Amino acid sequence: MTEDVRRVFRMDNEVLAFRFTATLSDRAGMAPRERLTDPARLKMWLQATGLDATDVSLTDLKDAVELREVIYRIGSAIAAGEQPDSKDVRTLNTVAAAGHAKAALEGDLAGWHLTETTPVGDALGVLATDAIHILGGPDRSRIKNCEGPGCAGLFLDTSRGANRRWCSMNTCGNKVKKARLAGS
Ligand SMILES: [Zn+2]
(Lines give C-alpha, C1' and ligand atoms only; values in the text may rest on other atoms or scores of the structure.)
Protein backbone atom coordinates (compact mmCIF):
# COMPACT_ATOMS: atom_id res chain seq x y z
CA MET A 1 0.00 0.00 0.00
CA THR A 2 1.56 3.25 -1.09
CA GLU A 3 -0.65 5.65 0.84
CA ASP A 4 -1.41 5.47 4.55
CA VAL A 5 -5.11 4.75 4.79
CA ARG A 6 -5.55 6.98 7.83
CA ARG A 7 -4.15 9.95 5.97
CA VAL A 8 -6.56 9.45 3.11
CA PHE A 9 -9.71 8.48 5.01
CA ARG A 10 -11.35 9.18 8.31
CA MET A 11 -11.56 5.72 9.85
CA ASP A 12 -12.57 6.72 13.38
CA ASN A 13 -16.37 6.28 13.18
CA GLU A 14 -17.47 3.28 15.31
CA VAL A 15 -20.31 2.40 12.94
CA LEU A 16 -19.12 0.73 9.75
CA ALA A 17 -21.85 2.17 7.54
CA PHE A 18 -21.24 5.68 8.88
CA ARG A 19 -17.48 5.29 8.44
CA PHE A 20 -18.35 4.61 4.83
CA THR A 21 -20.43 7.81 4.56
CA ALA A 22 -17.40 9.70 5.92
CA THR A 23 -15.50 8.99 2.69
CA LEU A 24 -17.14 12.26 1.64
CA SER A 25 -16.23 14.67 4.41
CA ASP A 26 -16.85 18.34 5.17
CA ARG A 27 -20.31 17.81 3.74
CA ALA A 28 -21.76 21.02 5.11
CA GLY A 29 -18.67 23.09 4.39
CA MET A 30 -17.73 25.31 1.48
CA ALA A 31 -15.75 22.52 -0.17
CA PRO A 32 -16.88 18.94 0.54
CA ARG A 33 -13.96 16.54 0.28
CA GLU A 34 -14.49 13.49 -1.90
CA ARG A 35 -12.00 10.85 -0.82
CA LEU A 36 -13.22 8.08 -3.11
CA THR A 37 -11.65 9.78 -6.10
CA ASP A 38 -10.92 6.64 -8.13
CA PRO A 39 -11.38 2.85 -8.03
CA ALA A 40 -7.98 2.39 -6.33
CA ARG A 41 -9.16 4.52 -3.43
CA LEU A 42 -12.30 2.41 -3.07
CA LYS A 43 -10.21 -0.74 -3.07
CA MET A 44 -7.97 0.79 -0.41
CA TRP A 45 -10.92 1.68 1.82
CA LEU A 46 -12.52 -1.74 1.40
CA GLN A 47 -9.26 -3.50 2.23
CA ALA A 48 -8.78 -1.38 5.36
CA THR A 49 -12.29 -2.45 6.37
CA GLY A 50 -11.57 -6.17 5.93
CA LEU A 51 -13.43 -6.38 2.62
CA ASP A 52 -10.76 -7.64 0.30
CA ALA A 53 -11.99 -6.93 -3.22
CA THR A 54 -9.25 -7.46 -5.74
CA ASP A 55 -10.65 -5.84 -8.87
CA VAL A 56 -12.50 -2.56 -8.51
CA SER A 57 -13.92 -0.94 -11.64
CA LEU A 58 -15.28 2.51 -12.37
CA THR A 59 -18.80 1.05 -12.32
CA ASP A 60 -18.09 -0.37 -8.86
CA LEU A 61 -17.00 3.08 -7.73
CA LYS A 62 -20.20 4.60 -9.09
CA ASP A 63 -22.31 1.95 -7.30
CA ALA A 64 -20.38 2.52 -4.07
CA VAL A 65 -20.87 6.28 -4.15
CA GLU A 66 -24.58 5.82 -4.89
CA LEU A 67 -25.00 3.48 -1.91
CA ARG A 68 -22.98 5.82 0.29
CA GLU A 69 -25.23 8.76 -0.50
CA VAL A 70 -28.36 6.66 -0.01
CA ILE A 71 -27.15 5.70 3.48
CA TYR A 72 -26.27 9.30 4.23
CA ARG A 73 -29.66 10.64 3.13
CA ILE A 74 -31.61 8.02 5.08
CA GLY A 75 -29.45 8.56 8.19
CA SER A 76 -29.84 12.33 7.98
CA ALA A 77 -33.60 12.01 7.54
CA ILE A 78 -33.81 9.83 10.66
CA ALA A 79 -31.59 12.26 12.57
CA ALA A 80 -33.99 15.06 11.62
CA GLY A 81 -37.01 13.01 12.67
CA GLU A 82 -38.21 12.74 9.08
CA GLN A 83 -39.36 9.84 6.94
CA PRO A 84 -36.58 8.64 4.60
CA ASP A 85 -37.20 8.71 0.86
CA SER A 86 -38.82 5.41 -0.18
CA LYS A 87 -36.67 5.22 -3.33
CA ASP A 88 -33.53 5.43 -1.17
CA VAL A 89 -34.87 2.67 1.08
CA ARG A 90 -35.55 0.47 -1.96
CA THR A 91 -32.00 1.01 -3.25
CA LEU A 92 -30.53 0.18 0.15
CA ASN A 93 -32.54 -3.03 0.40
CA THR A 94 -31.68 -4.04 -3.16
CA VAL A 95 -27.93 -3.63 -2.56
CA ALA A 96 -28.17 -5.57 0.72
CA ALA A 97 -30.08 -8.41 -0.95
CA ALA A 98 -27.64 -8.65 -3.88
CA GLY A 99 -24.58 -9.35 -1.70
CA HIS A 100 -23.22 -12.85 -1.21
CA ALA A 101 -20.59 -12.20 1.45
CA LYS A 102 -20.15 -14.81 4.15
CA ALA A 103 -19.13 -13.84 7.64
CA ALA A 104 -16.10 -15.69 8.96
CA LEU A 105 -14.21 -15.66 12.22
CA GLU A 106 -10.51 -15.49 11.40
CA GLY A 107 -8.27 -15.70 14.42
CA ASP A 108 -9.77 -13.14 16.76
CA LEU A 109 -11.25 -10.97 14.02
CA ALA A 110 -14.59 -11.01 12.24
CA GLY A 111 -14.11 -10.95 8.50
CA TRP A 112 -16.02 -11.56 5.30
CA HIS A 113 -15.50 -13.88 2.40
CA LEU A 114 -16.50 -12.33 -0.91
CA THR A 115 -17.29 -14.24 -4.08
CA GLU A 116 -14.86 -14.11 -6.98
CA THR A 117 -17.56 -13.07 -9.44
CA THR A 118 -18.99 -10.01 -7.65
CA PRO A 119 -16.58 -9.07 -4.85
CA VAL A 120 -17.45 -5.36 -4.77
CA GLY A 121 -21.20 -6.03 -4.95
CA ASP A 122 -20.71 -8.42 -2.01
CA ALA A 123 -18.75 -5.80 -0.09
CA LEU A 124 -21.43 -3.19 -0.73
CA GLY A 125 -23.98 -5.75 0.46
CA VAL A 126 -22.10 -5.94 3.78
CA LEU A 127 -22.15 -2.14 4.10
CA ALA A 128 -25.84 -1.94 3.19
CA THR A 129 -26.68 -4.67 5.71
CA ASP A 130 -24.74 -2.87 8.42
CA ALA A 131 -26.63 0.32 7.56
CA ILE A 132 -29.98 -1.51 7.82
CA HIS A 133 -29.12 -2.78 11.30
CA ILE A 134 -28.30 0.74 12.46
CA LEU A 135 -30.99 2.67 10.58
CA GLY A 136 -33.70 0.28 11.72
CA GLY A 137 -32.17 -0.77 15.01
CA PRO A 138 -33.05 -0.02 18.63
CA ASP A 139 -30.64 2.94 18.73
CA ARG A 140 -31.99 4.72 15.67
CA SER A 141 -33.07 7.68 17.82
CA ARG A 142 -29.38 8.16 18.61
CA ILE A 143 -28.38 8.77 15.00
CA LYS A 144 -27.12 12.33 14.63
CA ASN A 145 -25.40 14.68 12.21
CA CYS A 146 -22.16 16.08 13.58
CA GLU A 147 -22.25 19.73 14.69
CA GLY A 148 -18.56 20.22 13.96
CA PRO A 149 -17.70 23.11 11.61
CA GLY A 150 -18.82 22.12 8.11
CA CYS A 151 -18.89 18.40 8.99
CA ALA A 152 -22.50 17.14 9.19
CA GLY A 153 -21.13 13.58 9.27
CA LEU A 154 -23.37 10.83 10.64
CA PHE A 155 -22.63 9.19 13.96
CA LEU A 156 -24.32 7.07 16.57
CA ASP A 157 -24.48 8.82 19.92
CA THR A 158 -23.82 6.06 22.41
CA SER A 159 -23.06 8.43 25.28
CA ARG A 160 -25.00 7.80 28.47
CA GLY A 161 -26.73 11.18 28.43
CA ALA A 162 -27.26 11.10 24.64
CA ASN A 163 -25.61 14.51 24.48
CA ARG A 164 -22.69 13.93 22.13
CA ARG A 165 -22.47 16.54 19.37
CA TRP A 166 -19.48 15.51 17.30
CA CYS A 167 -18.73 12.56 15.06
CA SER A 168 -15.34 12.33 16.72
CA MET A 169 -13.84 14.08 19.72
CA ASN A 170 -10.40 13.86 18.11
CA THR A 171 -11.32 15.75 14.97
CA CYS A 172 -14.51 17.83 15.12
CA GLY A 173 -14.63 18.05 18.92
CA ASN A 174 -11.10 19.43 18.99
CA LYS A 175 -11.78 21.91 16.19
CA VAL A 176 -14.67 23.37 18.16
CA LYS A 177 -12.60 23.54 21.33
CA LYS A 178 -9.75 25.31 19.54
CA ALA A 179 -12.14 27.77 17.89
CA ARG A 180 -13.63 28.56 21.29
CA LEU A 181 -10.19 29.17 22.79
CA ALA A 182 -9.19 31.40 19.88
CA GLY A 183 -12.39 33.41 20.24
CA SER A 184 -12.18 33.97 23.98
ZN1 LIG B 1 -17.71 15.75 12.53
Side-chain angles (χ1 to χ4, degrees), residues 1 3-38 40-51 61-85 88-89 91-92 95 123-124 126-184:
M1 205 174 283
E3 290 175 291
D4 178 2
V5 71
R6 277 165 209 283
R7 285 183 184 276
V8 180
F9 297 109
R10 288 195 47 183
M11 301 299 280
D12 52 357
N13 201 305
E14 300 91 344
V15 175
L16 173 60
F18 292 167
R19 206 182 310 146
F20 183 46
T21 62
T23 57
L24 176 64
S25 61
D26 305 277
R27 285 174 177 270
M30 301 289 276
R33 276 186 68 189
E34 177 59 83
R35 295 163 194 245
L36 291 179
T37 45
D38 56 46
R41 282 284 186 88
L42 175 59
K43 183 177 167 179
M44 184 183 182
W45 188 89
L46 289 173
Q47 276 183 341
T49 309
L51 295 160
L61 178 64
K62 213 172 132 263
D63 292 346
V65 167
E66 190 193 356
L67 173 66
R68 181 189 71 189
E69 295 313 302
V70 159
I71 296 171
Y72 184 79
R73 284 196 297 268
I74 298 175
S76 298
I78 292 171
E82 291 162 8
Q83 205 60 249
D85 188 286
D88 282 344
V89 172
T91 304
L92 178 68
V95 176
L124 296 184
V126 169
L127 299 173
T129 303
D130 186 71
I132 288 169
H133 287 310
I134 296 293
L135 298 169
D139 287 337
R140 71 197 302 270
S141 63
R142 287 173 172 264
I143 296 169
K144 293 183 179 177
N145 287 101
C146 176
E147 293 177 30
C151 179
L154 287 172
F155 69 98
L156 191 68
D157 180 3
T158 52
S159 68
R160 192 181 285 251
N163 54 6
R164 196 174 130 193
R165 296 169 55 198
W166 304 300
C167 64
S168 158
M169 199 56 224
N170 289 328
T171 50
C172 290
N174 265 335
K175 271 191 217 165
V176 172
K177 262 204 286 185
K178 274 187 202 153
R180 266 195 211 133
L181 286 176
S184 63

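Whatever order the structure lists ligands and atoms in, that order sets their numbers, starting from 1. What you are looking at is a predicted structure, and each value in this text was computed from that prediction instead of being measured. FYI, side chains are in, hydrogens and waters are out, and symmetry mates aren't considered; it's all heavy atoms of this structure. Numbering of residues begins at 1 and proceeds along the displayed sequence.
Judged purely by atom type and a 3.5 angstrom limit, Arg140 has no side-chain atom pairing as donor or acceptor with the backbone of Ile78.
Ala64 is linked by a side-chain contact (heavy atoms from CB on, under 4.5 Å) to Phe20, Leu42, Leu124, counting only residues two or more places apart in sequence or in another chain. Listed by chain and number, the residues in a salt bridge (charged side-chain N to carboxylate O under 4.0 Å, His left out) with Asp88 are Arg73 (sequence neighbours excluded).
Pairs passing the side-chain hydrogen bond (donor to acceptor under 3.5 Å, both in side chains) check and including a residue from residues 6-21, sequence neighbours excluded, read Arg10-Thr171, Asp12-Ser168.
Ion pairing between Glu34 and Arg68 holds under the 4.0 Å rule for side-chain N and carboxylate O. A salt bridge links Glu69 with Arg27: at least one charged nitrogen is closer than 4.0 Å to a carboxylate oxygen.
Neighbours of the Zn ion (ligand 1) restricted to protein N, O or S atoms under 2.8 Å: the count is 4.
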